[in-house]
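Contents: one structure, followed by commentary.
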Amino acid sequence: MSLTEIKSRIASAEVAADRVPGSVQLIAVSKVQPNERVEAVLQEGHRVFGENRVQEAAGKWPDFRSRYDGIELHLIGPLQTNKARQAMELVDSIHSVDRLKLANTLARLAQELGRCPQIFLQVNTGEEEQKAGVLPSEADAFVAECRSLDLPVQGLMCIPPVDEEPSLHFALLAKIAARNGLSGLSMGMSSDFEQAIALGATHVRVGSAIFGTRSGSA
Ligand SMILES: *Cc1c(COP(=O)(O)O)cnc(C)c1O
């Protein structure tokens, strides 16, 4: 599928859901993709990208940034506290803030650096053992804690369990965000971004549907 096709599907989903046209941001998830494919998408004019790992992002984006204006980079994968500084210097948005220790580190670094990426808090809506994120029952308290640290909390993020109906998880995330007065909803991937838009997604994270399947893991 092409970038143009994904964009037009997003536009249709916005219309179908009575959403403001252009209100959903497409994050093109470029993790593990060959640089030529990423560059082709840059040449088509797209500027908003997502990466899973700080190391990989640091290896590829400074060069692209030196050659293309207006790039916006989102970190969507797990973040270790010892990589937090590098992440904060590199990305515009972090979607995977999932524990107080990390929030504390980001807050301290924000003071020191005088700036902070936009923050999304990850919620483990499926309560899966192996998945990152705070439990739904802990989410309100975590939002309050992050706000009291002066972190710029823009919204919530989730990755639904693979074998469950994603809409239930999107609806749950939207409900938690609404009761906490948060407008950002990072939800929806290649296979379910239209459902996510129907339930209020403001940021969809689409990888393989734009770039093709990834060889290798992550
Ligand atoms: C890889 C990844 C995506 C994109 O997945 P696709 O199915 O390729 O669209 C979205 N979000 C996260 C957190 C990811 O790790």
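For ligands, and for the atoms within them, numbers begin at 1 and follow the listed sequence.
- When non-hydrogen atoms are compared, ligand 1 lies under 4.0 Å from the side chain of Lys31 (C-beta onward) but not from its backbone.
- For a threshold of 3.5 Å applied to N or O pairs, the pair formed by Ile76 and ligand 1 contains no separation below that value.
- Annotation for ligand 1: atoms under 4.0 Å from non-hydrogen atoms of Asn52 are 14 (C), 15 (O).
- Near Val206, meaning under 4.0 Å from any of its heavy atoms, are these atoms of ligand 1: 9 (O).
- Of the candidates Ala209, Ser208, Ala132, Ser208 brings a heavy atom nearest to atom 7 (O) of ligand 1.
- Looking at Ser30 and Glu51, their side chains do bring a donor and an acceptor atom within 3.5 Å of each other.
- Taking a cutoff of 4.0 Å between a charged side-chain nitrogen and a carboxylate oxygen, Glu56 and Lys31 do not qualify as a salt bridge.
- Close approach of ligand 1 to Arg205 (heavy-atom distance below 4.0 Å) involves ligand atoms 4 (C), 9 (O), 10 (C), 11 (N), 12 (C), 13 (C).
- Salt-bridge annotation for Glu128 and Lys131: present, with a side-chain N of the basic residue lying under 4.0 Å from a carboxylate O of the acidic one.
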(message) Quick one, Val143 with Ile176, criterion side-chain contact (heavy atoms from CB on, under 4.5 Å). Give me CA distance, side-chain angles, the key distance, then yes/no.
(response) CA-CA 10 Å; Val143 172; Ile176 298 171; 5.7 Å; no
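- In the vicinity of Ile159, heavy-atom distances shorter than 4.0 Å reach the ligand 1 atoms 13 (C).
- Of the candidates Arg65, Lys60, Arg67, Arg67 is the only one forming a salt bridge (Lys or Arg N to Asp or Glu O under 4.0 Å) with Asp63.
- Remark: of the listed residues Lys175, Met187, His169, Met187 is the sole one forming a side-chain contact (heavy atoms from CB on, under 4.5 Å) with Leu199.
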